Amino acid sequence: MSKEKPTIPKGTRDFGPAVVVKRNYVFGVIKKTFEKFGYLPLETPAMEQLSVLTGKYGEEGDQLIFKILNSGDFLSKTKTEDIAEGHKHLTRKISEKALRYDLTVPFARFVVMNRNEITFPFKRYQIQPVWRADRPQRGRYREFYQCDADVVGTNSLLCEAEIVQMINEVLTELGLTDFTIKINHRGILAGIAEAIGEKGRESDICVAIDKLDKIGQEGVRKDLLERGISEAAVNRLEPFYTLQGSTAELLDQLQILLGETAEGQRGLQDLRDVWQYLSHLNSQALEAQIASGAPRLLLDVTLARGLSYYTGCIFEVKVNNVNMGSISGGGRYDNLTGMFGLPGVSGVGFSFGVDRIYDVLDELQLFPSSSQVGTKVLLVQFDKASELYALPVLQQLRDAGIAAELYPEPAKLKKQMGYADQKNIPYVILIGSEEMATGKLKLRNMQQGEQQDLTLEEIITKLS
RNA sequence: GUGGUUGUAGCUCAGUCGGUUAGAGCACCAGAUUGUGAUUCUGGGGGUCGUGGGUUCGAGCCCCAUCUUCCACCCCA
């Protein structure tokens, strides 16, 4: 026997029964909505070939992939010179598999592998854990669940509009009201880069302006100049930070600023189409406002998002007044399947971060009591005779659909009642010699502390 | 990956300048009460002070390493 205390790896967690029950409630709401919008479930392995994952998330992302050491003699393919060539080179020699980093890339891989069996447009949802070798923080774990819904094989912006609808529906059903769905478009970002005379430098520009709300205009200015963006370009960029007005007004202003650029024009047209779809869908997201009066669905030209495969609309969802990163994000990717040899299949999707949503709901105390399922009634026994008497009663309660359990030994009443109390079981049935003689069982309401003598039929009626 | 922070009973936390046998509340167990939980009263168990080294006559406290937690970067769900 080892004497060391057992631990779990950094950034991972055990979930006790009470937590799992509440997490399942969140999963249930999400699943129901996905299915309502025509998405069907898919599952893929926890591990993928390392080559499938590398290069899809940018350089930063590659470093955050958990690699799996080859089995057996993992050094068999290496030579002493390989070590000298550095860890990147060595990794390819000793690791061929990795834990999935997100659900979108495995999905694209699945689509390519099953292209002949799939009918397009193909809509799937996927609820599985992913792993990232990040440094843990509040709301940031190394193992966490994503709930993805993606559709591939269509360019229609109806999909983008439906993503907004699904986000709005799920979060609303979970009891959240003060949240912002941010939307932007890679074309807008590219258009901005072109319009300020720094075409092709959009990744540097994105990284910088994404931090606008954190480090302010001066901080971004400094950052951009350090990245080698010309001062003239930075000066032309700054008007974009302060665009004001309704979404329609924003689009009009952007039209003037970006209309000449092909990419900007593409982005603006896409966004206009999305808004039009939402408008015809009578989307609540268009009407709802957050506390500050800003619209719930917010066109935010400073929203960037790092995942490198996005090419069209991009989304991010923030719950306001809670110290938590985004709880949902996604976007359109035109060439993900192309990386696996199937070009011309555009996809769009998004993901809910259940772990963060859980933390938010917990903090805001939004878990309804109905989400906490459990035993409805506990049968208390005194001796062998009462145990035998209780067994058919137990079965009849269960047959009636009532969650019931019999305390499995004739422990002291205090202990059995204490068990019911701790498990928050609302009713207890006492079966002693008196009850067995009369057939009237003692039903105790644990919340009110009242009890009455009832037949089993009366109890079933009362508890159903 | 960079810089910082945290760790003492099951939980939340005290613990003075480095000084005798490390405390409290809650929780737990037992009894008051042999057919009644949550409320009341009485008593009880529970600690290698995250782990491993070091300094010191002496370390929960100081130093180093490591693990963990949280925070700021980076990035993200």
Side-chain angles (χ1 to χ4, degrees), chain A residues 3-13 16 26 30 57-65 87 101-104 127-148 167 203 206-208 210-211 214-215 219 223 303-308 310 314-319 323-331 349-360 378 380-383 386 407 410-436 441-451:
Chain A
K3 269 186 283 184
E4 58 187 293
K5 291 180 192 168
T7 58
I8 54 174
K10 189 202 301 215
T12 65
R13 294 142 312 145
V26 178
I30 292 171
Y57 311 107
E59 208 160 314
E60 290 280 349
D62 280 358
Q63 292 185 321
L64 299 180
I65 295 171
H87 73 278
Y101 178 90
D102 72 353
L103 301 177
T104 308
I127 299 179
Q128 288 188 281
V130 302
W131 294 269
R132 295 185 186 176
D134 223 340
R135 193 173 286 204
Q137 252 179 70
R138 175 186 172 83
R140 169 178 297 188
Y141 307 100
R142 298 184 118 179
E143 177 183 63
F144 61 97
Y145 270 75
Q146 287 195 328
C147 304
D148 267 46
I167 292 171
S203 72
C206 287
V207 171
D210 191 40
K211 289 186 265 186
K214 218 178 249 178
I215 60 178
D223 197 4
L303 171 64
R305 304 208 89 237
L307 286 179
S308 52
Y310 292 123
I314 48 183
F315 305 96
E316 189 162 291
V317 181
K318 273 279 298 170
V319 178
N323 177 22
M324 180 63 66
S326 58
I327 59 167
S328 178
F350 76 111
S351 185
F352 285 115
V354 169
D355 304 78
R356 286 184 176 177
I357 291 174
Y358 179 96
D359 289 347
V360 167
L378 176 78
V380 162
Q381 61 162 309
F382 294 90
D383 48 33
S386 79
Y407 197 88
K412 284 186 182 170
L413 204 46
K414 183 183 169 79
K415 173 129 181 143
Q416 301 190 53
M417 300 290 285
Y419 175 82
D421 191 41
Q422 293 241 323
K423 274 188 83 171
N424 259 317
I425 298 173
Y427 292 97
V428 163
I429 294 174
L430 297 147
I431 303 175
S433 50
E434 252 177 65
E435 288 78 12
M436 286 188 279
L441 310 181
K442 196 147 273 172
L443 180 72
R444 181 175 178 85
N445 180 321
M446 295 296 276
Q447 267 115 54
Q448 293 153 14
E450 292 162 357
Q451 52 196 39

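Sequence lines set the chain letters: A, B, ... in the order given, protein chains first and strands last, and positions in each chain run from 1. Keep in mind that what you see is a predicted model, and the values were worked out from it rather than measured. What you see below is based on every heavy atom in this structure, not just the backbone, and it leaves out hydrogens, waters and symmetry mates.
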Starting at the 5' end of nucleotides 34-42 of chain B, put B wherever the base has a protein heavy atom under 4.0 Å, S where only the sugar-phosphate does, and a dash everywhere else.
-> -BBBS----
Which whole number of Å gives the distance between the [atom1] atom of [N] and that of [M]?
N: B:rA22; M: B:rG46; atom1: P; answer: 13 Å
N: B:rU68; M: B:rG50; atom1: C1'; answer: 7 Å
N: B:rG37; M: B:rC28; atom1: C1'; answer: 15 Å
N: B:rG58; M: B:rU51; atom1: C1'; answer: 22 Å
N: B:rA9; M: B:rC71; atom1: C1'; answer: 28 Å
N: B:rU69; M: B:rU16; atom1: C1'; answer: 27 Å
N: B:rG4; M: B:rU8; atom1: C1'; answer: 22 Å
N: B:rG54; M: B:rG18; atom1: C1'; answer: 15 Å

Checking base pairs now: Watson-Crick or wobble, both atom distances under 3.5 Å. What partners [N]?
N: B:rA14; result: none
N: B:rG60; result: none
N: B:rU40; result: B:rA32

What integer distance in Å separates [X]:[atom1] from [N]:[atom2]?
X: A:Arg138; N: B:rU68; atom1: CZ; atom2: C1'; result: 18 Å
X: A:Trp131; N: B:rC76; atom1: CH2; atom2: C1'; result: 17 Å
X: A:Tyr57; N: B:rC75; atom1: OH; atom2: C1'; result: 14 Å
X: A:Arg132; N: B:rC74; atom1: CZ; atom2: C1'; result: 14 Å
X: A:Ile8; N: B:rU68; atom1: CD1; atom2: C1'; result: 10 Å
X: A:Tyr101; N: B:rC76; atom1: OH; atom2: P; result: 7 Å
X: A:Asp134; N: B:rC73; atom1: CG; atom2: P; result: 14 Å
X: A:Leu303; N: B:rC76; atom1: CG; atom2: P; result: 11 Å

Does [Y] offer a backbone N or O that forms a donor-acceptor pair with the side chain of [X] under 3.5 Å?
X: A:Arg138; Y: A:Asn323; result: yes
X: A:Glu435; Y: A:Gly432; result: yes
X: A:Asp134; Y: A:Tyr141; result: no
X: A:Ser351; Y: A:Ser328; result: no
X: A:Glu143; Y: A:Arg13; result: no

Assign [X] to base, sugar-phosphate, or nothing according to its heavy-atom contacts below 4.0 angstrom with the strands shown.
X: A:Gly11; result: sugar-phosphate
X: A:Val354; result: nothing
X: A:Lys211; result: sugar-phosphate
X: A:Glu60; result: sugar-phosphate
X: A:Gly61; result: nothing

Which heavy atom of [X] sits nearest to which heavy atom of [Y], and what is that distance?
X: A:Cys147; Y: A:Val354; answer: SG-CG2, 3.1 Å
X: A:Met436; Y: A:Ile431; answer: CG-CG2, 3.8 Å
X: A:Asp359; Y: A:Met324; answer: CB-CE, 3.6 Å

May I ask you to verify whether the side chain of A:Arg140 and the base of B:rC75 hold a donor-acceptor pair under 3.5 Å?
->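 Indeed, a donor on one side and an acceptor on the other fall under 3.5 Å apart.
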Side-chain donor/acceptor contact of A:Arg135 with base of B:rC71 under 3.5 Å |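 No, the side chain and the base share no sub-3.5 Å donor-acceptor pair.
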Return the nearest nucleotide to the side chain of A:Pro136; candidates are B:rC74, B:rU69, B:rC76.
->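 Out of B:rC74, B:rU69, B:rC76, the nucleotide with an atom closest to A:Pro136's side chain is B:rU69.
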Proximal nucleotide (of B:rC75, B:rG31, B:rC74) relative to the A:Leu64 side chain =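 Looking only at heavy atoms from C-beta outward on A:Leu64, the closest nucleotide is B:rC75.
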Mapping A:Gly329 and A:Asp223 onto RNA chain B by nearest heavy atom, which one lands closer to the 5' end?
->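 Upstream on the strand: A:Asp223.
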Could you label the plane-to-plane angle of the A:Tyr419 and A:Tyr407 rings as parallel, tilted or perpendicular, counting under 30° as parallel and over 60° as perpendicular?
->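 Geometry flag for A:Tyr407 against A:Tyr419: perpendicular rings.
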